[in-house]
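Structure record follows, encoded as structure tokens.
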Amino acid sequence: MLARVANNLFWMGRYIERSEHIARFMNVNYFSSLDAPHELSHSRQFVLRSMLFMVGDPVEDTSEQLNEENTLHKIGLDSEFPYSIINNIKNARENANSARDLISTELYESINKFYHFVVNYPVEKFVKNGLYDFTVNVTEMTAILRGKIRGTLLHDSVYAIIMMGINIERATQIIRIINAKYNDALLAQGSYGDKFSNSFEWTTLLKCAESYDMMRRFYKKSPNSISTLEFLILNPNCPRSIMNSLNQVHSHIKILDPSKAYNKKTTAFLVGKVRCEFQYKFIEEIEEDIQSFIENILNNLTKISQKMEKEFFNY
């Protein structure tokens with residue numbers, strides 16, 4: 001396989017996963033605010049700022065009044081904004097085109113269908129009353145794509161590369177969502193007497209990661225800061241957790257680099273090192289300085305991605 005084509009497969013997986021998390025974050029944040037027990041969380045401005053914070057475009061001026069339709073359009077269907085859902089889908093399709101002979105017809109047709117749904121979605125409908133319909137369709141279509149990847153491709157190096165992209169992006173997006181909701185919990189604490197550790201934002205965070213029901217089943221209690229962060233960061237059995245994503249990346253990279261020889265310069269070594277750091281951490285250690293932890297894990301994920309590109313995709 002050409003390194004360029006491997007790179008296309010890797011980024012196809014990343015863009016598919018990224019579009020799903022942005023869509024779900026928009027959906028959950030927007031509609032959860034209608035039932036929020038916080039005075040501040042009810043505010044549409046608070047919700048819009050949270051969305052922009054998550055996609056890496058935070059609004060520094062607290063006095064600035066955001067236009068709801070413009071903000072939704074920017075994150076959803078603005079082709080000028082690089083992090084928008086429409087651009088992620090376009091990029092996923094372009095990368096799929098470049099690796100067309102390595103993926104199944106069923107997967108390619110599903111990507112094509114997804115692309116046409118997004119680019120042909122009416123902007124006016126989306127910003128006025130189509131947010132729910134659009135974001136639910138995006139999350140469902142990405143689930144279909146993952147099903148096509150697992151169910152129609154050979155589980156060989158092609159599959160391993162796509163899954164590495166998906167899992168690195170999943171870990172990145174989950175940590176970005178944690179960062180956004182941690183910031184929201186800090187801003188909302190004290191509203192209606194709600195304390196930080198029991199903030200409604202932890203429930204929203206779990207719903208953003210599709211993990212609310214399983215977290216309740218696992219802990220058998222309402223979510224708080226400790227249980228939520230532990231479940232989404234350290235629990236290896238939660239499919240959305242950072243630990244689970246690192247385990248998946250580690251297992252798939254072994255297909256590309258089956259060597260058992262000790263070599264600290266390889267991507268497999270770096271993934272194993274980061275994974276072991278998490279394996280023996282206590283959540284209390286992380287909660288002491290969550291901001292430093294978030295920066296550290298994002299840096300580690302960036303290093304893994306860069307090392308992977310240098311080792312496998314450099315052309």
Side-chain angles (χ1 to χ4, degrees), residues 2 4-31 51-52 54-57 68-154 158-159 161-170 172-173 176-177 208 210:
L2 292 172
R4 173 180 55 78
V5 177
N7 193 44
N8 291 138
L9 291 168
F10 178 75
W11 279 99
M12 180 190 79
R14 290 198 70 159
Y15 285 124
I16 289 169
E17 192 70 13
R18 188 178 297 177
S19 61
E20 180 201 0
H21 282 86
I22 295 171
R24 189 178 302 103
F25 190 84
M26 290 180 79
N27 181 305
V28 172
N29 263 284
Y30 191 91
F31 295 106
M51 289 181 188
L52 289 170
M54 187 264 174
V55 296
D57 190 29
E68 182 178 326
E69 291 187 5
N70 291 347
T71 303
L72 294 179
H73 173 252
K74 181 179 184 176
I75 301 170
L77 294 174
D78 186 358
S79 53
E80 301 295 314
F81 183 53
Y83 214 74
S84 67
I85 292 171
I86 193 170
N87 272 334
N88 284 312
I89 306 308
K90 283 180 178 177
N91 291 333
R93 184 173 181 255
E94 281 174 21
N95 281 289
N97 284 337
S98 302
R100 176 65 190 89
D101 58 327
L102 292 176
I103 62 175
S104 65
T105 302
E106 292 82 5
L107 173 57
Y108 185 73
E109 285 176 352
S110 295
I111 291 172
N112 232 12
K113 184 179 177 184
F114 190 12
Y115 167 80
H116 286 293
F117 169 79
V118 172
V119 295
N120 293 318
Y121 203 89
V123 173
E124 192 173 333
K125 179 186 175 185
F126 172 67
V127 298
K128 290 195 180 300
N129 59 11
L131 178 65
Y132 182 83
D133 173 63
F134 178 80
T135 53
V136 166
N137 270 288
V138 168
T139 54
E140 287 179 352
M141 285 180 177
T142 52
I144 290 169
L145 291 182
R146 279 198 302 273
K148 297 290 184 186
I149 290 166
R150 289 196 179 93
T152 66
L153 299 184
L154 286 172
V158 171
Y159 176 78
I161 289 166
I162 296 171
M163 292 307 293
M164 283 195 306
I166 285 174
N167 283 289
I168 284 180
E169 190 61 37
R170 179 174 296 177
T172 304
Q173 291 306 315
R176 290 180 74 97
I177 291 170
C208 286
E210 283 192 326

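Keep in mind that this is a model prediction, so the values were computed, not measured. What you see below is based on every heavy atom in this structure, not just the backbone, and it leaves out hydrogens, waters and symmetry mates. Along the sequence shown, residues carry numbers from 1.
A heavy-atom distance below 4.5 Å is not found between the side chains of Ser98 and Val5. The closest side-chain heavy-atom distance from Leu77 to Val118 is below 4.5 Å. With contacts defined as side-chain heavy-atom distances shorter than 4.5 Å, the pair Ile89/Phe114 qualifies. With contacts defined as side-chain heavy-atom distances shorter than 4.5 Å, the pair Phe10/Ile168 qualifies. Inter-residue side-chain proximity for Phe126 and Leu131 is flagged as met; some heavy-atom pair is nearer than 4.5 Å. Looking at Leu153 and Ile162, their side chains come closer than 4.5 Å, going by heavy atoms from C-beta outward. The closest side-chain heavy-atom distance from Leu154 to Tyr159 is not below 4.5 Å. Side-chain atoms of Met26 and Phe31, non-hydrogen and from C-beta on, never get closer than 4.5 Å to each other.
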Derivation of the side chain to side chain contact (heavy atoms under 4.5 Å, CB included) call for Glu68 and Tyr30 | CA-CA 11 Å; Glu68 182 178 326; Tyr30 191 91; 2.5 Å; yes
Just do the salt bridge (charged side-chain N to carboxylate O under 4.0 Å, His left out) check on Glu20 and Arg24 with the steps written out, would you?
-> CA-CA 6 Å; Glu20 180 201 0; Arg24 189 178 302 103; 2.3 Å; yes
Stepwise salt bridge (charged side-chain N to carboxylate O under 4.0 Å, His left out) test for Glu106 and Lys148 = CA-CA 7 Å; Glu106 292 82 5; Lys148 297 290 184 186; over 6 Å; no
Test log, rule side chain to side chain contact (heavy atoms under 4.5 Å, CB included), inputs Thr135 and Phe25 | CA-CA 9 Å; Thr135 53; Phe25 190 84; over 6 Å; no
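A salt bridge links Glu17 to Arg170: one of the charged nitrogens lies within less than 4.0 Å of a carboxylate oxygen. Residues Glu94 and Lys90 are not paired through a salt bridge, judged by the lack of any N-O separation under 4.0 Å between the basic side chain and the carboxylate.
Here the CZ atom belonging to Arg146 is positioned 9.0 Å from the CD1 atom belonging to Ile16, to the nearest 0.5 angstrom. Summarising the geometry, atom OG1 belonging to Thr172 is positioned 10.5 Å from atom CG belonging to Asn167; distances are rounded to the nearest 0.5 Å. Here Asp57 contributes atom CG and Met51 contributes atom CE; the two are 13.5 Å apart, rounded to the nearest 0.5 Å. Here Thr142 contributes atom OG1 and Ile85 contributes atom CD1; the two are 10.0 Å apart, rounded to the nearest 0.5 Å. To the nearest 0.5 Å, the span separating SG on Cys208 from CD1 on Ile22 amounts to 12.5 Å. To the nearest 0.5 angstrom, Asn8 atom CG is 10.0 Å from Ile103 atom CD1.
Between the side chains of Tyr121 and Asp133, at least one donor N or O lies within less than 3.5 Å of an accepting N or O. Side-chain N/O atoms of Ser19 and Asn88 include no donor and acceptor closer than 3.5 Å.
In this structure, Ile111 and Ala96 approach most closely via the heavy-atom pair CD1-CB, 3.8 Å. For the residue pair Ser104 and Thr152, the shortest heavy atom distance occurs at OG-OG1, 2.7 Å. Here the shortest heavy-atom pairing between Arg18 and Trp11 reads NH2-CZ3, 3.8 Å. Closest approach of Phe81 to Lys74, counting heavy atoms only: CD2-O, 3.3 Å. When every heavy atom of Met54 is checked against every heavy atom of Ile177, the shortest pair comes out as CE-CG1, 3.6 Å. The nearest pair of heavy atoms linking Ala99 to Leu9 is CB-CD2, 3.6 Å.
In this structure a side-chain-to-backbone donor-acceptor pair under 3.5 Å is present from Asn87 to Ser79. Judged purely by atom type and a 3.5 angstrom limit, Thr139 uses its side chain to pair as donor or acceptor with the backbone of Val136. Not one N or O on the side chain of Arg14 forms a donor-acceptor pair closer than 3.5 Å with the backbone of Ile166.
Taking the ring centre of Tyr108 as origin, the terminal cationic atom of Arg100 falls inside the region bounded by 6.0 Å and 45° from the ring axis.
The number of heavy atoms from other shown groups lying within 6.0 Å of OH (Tyr132) does not exceed 12.
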